[in-house]
2 protein chains.
Amino acid sequence: MPSKPPPITIDAVYAAPGYLFRRMQQIAVSIFMEECKTFDLTPVQYAALIAIHTHPGIDATRLSAVIAFDRSTLGSVIERLQAKDFVERRPALEDKRIKLLYLTKSGAAILRDIIPAVERAQARMLEPLKPADRKALMGLLVQLVDLNNEASRVPLRADDALEHLGKTG
Amino acid sequence: MPSKPPPITIDAVYAAPGYLFRRMQQIAVSIFMEECKTFDLTPVQYAALIAIHTHPGIDATRLSAVIAFDRSTLGSVIERLQAKDFVERRPALEDKRIKLLYLTKSGAAILRDIIPAVERAQARMLEPLKPADRKALMGLLVQLVDLNNEASRVPLRADDALEHLGKTG
DNA sequence: CCTAGATCGTAAGTATACTGTCAATCAACA
DNA sequence: TGTTGATTGACAGTATACTTACGATCTAGG
């Protein structure tokens with residue numbers, strides 16, 4: 001026999017994975033901004049700074065693959081980081097299309113100073129759960145994000161993107 | 001003794017709850033848009049339509065509480081739904097500030113037609129996990145979102161927001 | 001060498017998702 | 001009653017997050 005048509009109610013939305021992911025993301029950003037309000041950094045800008053710190057001299061396209069942002073979005077993110085003097089762009093000698101990214105002194109400093117606030121934020125997001133449940137949730141999420149990587153418009157390419165660096169070293 | 005300072009690397013970001021929530025949200029939106037591409041509806045617009053269907057005659061402020069969006073954001077969402085002729089706004093007689101929201105015939109029709117695609121999208125998001133893990137993840141997420149509700153800038157007020165409706169019925 | 005295709009950064013366009021602020025309106029209290 | 005304070009929808013401003021497109025540049029194939 002045919003399956004019952006799903007009910008058209010808001011309660012079905014409340015239990016839908018998509019809704020819960022959106023809601024949790026809203027909450028996570030809100031907590032991050034609250035804990036880090038004395039620093040002039042958004043979650044996305046923070047991730048970009050960390051990635052540049054880890055891979056100095058990376059270019060914007062590869063950076064977008066490393067933190068899984070869209071290339072266009074990243075352009076404006078970098079612009080803002082540059083305006084705040086946290087990031088510096090230098091043209092690459094071998095390829096005139098490319099601009100290499102480096103942290104400025106201020107960028108390295110704010111990164112060092114903001115870490116405790118970020119740690120507090122990350123902890124607060126999971127705080128309502130029992131410790132065992134926190135671990136379980138993170139484990140499942142890591143799995144799911146990884147297995148769904150290709151479904152995203154901008155898949156994460158943490159390793160691929162870095163072949164230009166360190167190849168010679 | 002003092003705890004070790006956390007390492008400043010991109011790998012720490014990959015394991016951070018905030019990063020995983022953002023990434024999962026990206027993936028969820030991407031899957032939704034793919035499954036629903038023949039319908040001219042975003043996830044947010046879909047949620048708004050469902051909520052208006054469940055609560056006909058709701059006003060924009062209450063709607064924002066029911067689906068946990070910011071009031072400002074919702075304004076433009078409604079505008080777009082109105083431009084597509086899925087939603088209608090009528091001034092309330094008792095309160096000249098309020099505009100009441102109703103689905104149009106097209107709005108009710110697209111809602112009916114899009115449901116299967118939305119169901120497919122929701123299923124696809126969790127598909128990579130084993131069935132037991134899907135249940136576990138959803139259970140933990142429902143808990144976490146609920147317990148963190150007040151941490152969000154726009155807490156969900158599913159019940160409060162509806163006191164103006166149905167009180168008389 | 002020189003053109004075909006790929007890649008880089010950028011730009012314009014759309015849609016969330018917030019922050020404020022504002023005028024109009026309403027509700028409640030002195 | 002009349003004024004204070006709250007609420008509603010609207011607007012401006014900032015920041016993601018995506019799409020498509022385009023010029024500049026690089027790389028490979030002939």
Side-chain angles (χ1 to χ4, degrees), chain A residues 18-19 21-23 25-34 37 40-48 58-65 67-84 89-101 152-155 161 164, chain B residues 18-19 21-23 25-34 37 40-48 58-65 67-84 89-101 152-155 161 164:
Chain A
Y19 178 82
F21 293 138
R22 181 177 66 78
R23 195 86 188 83
Q25 152 74 358
Q26 279 181 325
I27 290 166
V29 171
S30 173
I31 291 175
F32 183 102
M33 294 305 281
E34 205 176 305
K37 60 172 174 287
D40 190 20
L41 273 191
T42 66
V44 163
Q45 290 168 7
Y46 168 77
I58 196 172
D59 62 283
T61 295
R62 261 162 259 265
L63 180 60
S64 86
I67 47 185
F69 296 9
D70 166 81
R71 226 157 35 108
S72 302
T73 304
L74 193 59
S76 48
V77 173
I78 292 172
E79 248 175 46
R80 283 184 280 272
L81 287 173
Q82 211 173 357
K84 296 180 198 171
R89 307 180 90 162
R90 293 209 284 269
L93 302 176
E94 339 77 62
D95 191 334
K96 287 175 196 163
R97 294 170 303 178
I98 294 179
K99 295 177 182 175
L100 306 178
L101 293 164
S152 156
R153 305 291 178 101
V154 188
H164 75 299
Chain B
Y19 177 82
F21 293 138
R22 182 176 67 77
R23 195 86 188 85
Q25 152 75 358
Q26 278 181 324
I27 290 166
V29 171
S30 174
I31 290 176
F32 183 103
M33 294 305 281
E34 206 176 304
K37 61 172 174 288
D40 189 20
L41 272 191
T42 66
V44 164
Q45 290 168 8
Y46 168 76
I58 195 172
D59 62 284
T61 295
R62 261 162 259 264
L63 180 59
S64 86
I67 48 185
F69 296 10
D70 165 82
R71 231 158 32 110
S72 301
T73 304
L74 193 59
S76 47
V77 173
I78 291 172
E79 249 175 46
R80 283 184 280 273
L81 286 174
Q82 212 173 357
K84 295 178 197 172
R89 306 180 90 163
R90 294 209 284 269
L93 302 177
E94 339 75 64
D95 190 334
K96 287 175 197 162
R97 294 170 303 178
I98 293 179
K99 295 179 182 174
L100 306 179
L101 294 164
S152 156
R153 305 291 178 100
V154 188
H164 74 301

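Protein chains get the first letters and strands the later ones, always in sequence-line order, with residue 1 at the start of each. Because only heavy atoms are used, hydrogens play no part in the values below, and waters and symmetry mates are left out as well, while side chains stay in.
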What is the distance from NZ of B:K96 to P of D:dA6, rounded to the nearest Å?
23 Å

Consider the side chain of B:R89, meaning its heavy atoms from C-beta on, and name the nucleotide among C:dC8, D:dT16, D:dA10 that approaches it most closely.
D:dA10

Check the phosphate of C:dT16 against B:T42, side-chain N and O only, distance under 4.0 Å to OP1 or OP2. Yes or no?
yes

Would you mind reading off the distance between B:M33 atom CE and C:dT16 atom C1', rounded to a whole angstrom?
11 Å

What does B:V29 touch in the nucleic acid at a heavy-atom separation under 4.0 angstrom: a base, only the sugar-phosphate, or nothing?
nothing

Which is true for B:D70 with a 4.0 Å heavy-atom rule: it touches a base, it touches only sugar-phosphate, or it touches nothing?
base

Compare the minimum distances between each of D:dT8, C:dT16, D:dT25 and the side chain of A:D95, then state the nucleotide with the smallest one.
D:dT25

Rounded to whole Å, the CD-C1' distance (B:Q82 to D:dG9) equals 12 Å

Which residue lies toward the 5' end of DNA chain D, A:L93 or B:R71, if each is placed at its nearest nucleotide?
B:R71

Against the side chain of B:R97, the closest entry in D:dG9, C:dA15, D:dT7 is D:dT7

Gap between atoms CG and P, on B:L74 and D:dT8 respectively (whole Å)
13 Å

Output all residues satisfying side-chain hydrogen bond (donor to acceptor under 3.5 Å, both in side chains) with B:R97, sequence neighbours left out; order by chain, then residue number.
B:D95

Per B:K99 side chain, nearest of listed nucleotides D:dG9, D:dC18, C:dG9:
D:dG9

With heavy-atom distances below 4.5 Å as the criterion, would you say the side chains of B:L81 and B:L41 are in contact?
yes

Without decimals, in angstroms, what is the distance between B:I78 CD1 and C:dT16 P?
11 Å

How many Å lie between CD on A:E34 and P on C:dT19, as a whole number?
11 Å

Shortest side-chain distance from A:Q26, nucleotide among D:dG9, C:dA17, D:dC18
C:dA17

Do A:R89 and A:L101 have side-chain heavy atoms sitting under 4.5 Å apart?
yes

The side chain of A:V44 is closest to which nucleotide in this list: C:dG9, D:dA17, C:dT7?
D:dA17

D:dA10 base to B:S72 side chain: any donor-acceptor pair below 3.5 Å?
no

A side-chain contact here means heavy atoms from C-beta on lying under 4.5 Å apart; do B:D59 and B:K99 qualify?
no

B:G75 vs A:E94, nearer the 5' end of DNA chain D by closest nucleotide
B:G75

Atom CG of B:D59 and atom C1' of D:dT8 are separated, to the nearest Å, by 8 Å

Does any donor atom in the side chain of B:Q26 or B:R23 lie under 3.5 Å from an acceptor atom in the other side chain?
yes

If the cut-off is 4.0 Å, is A:R62 near the phosphate of C:dC8, judged by side-chain N/O to OP1 or OP2?
yes

Whole Å only: how far is the CD1 atom of B:I67 from the C1' atom of C:dT16?
12 Å

Which of D:dA17, C:dT25, C:dA17 is nearest the side chain of B:F69? It is C:dA17

Measuring to OP1 and OP2 of D:dA17, would you say a side-chain N or O of B:Q25 lies under 4.0 angstrom away?
no

Sub-4.5 Å side-chain heavy-atom contact between A:L74 and A:I67
yes

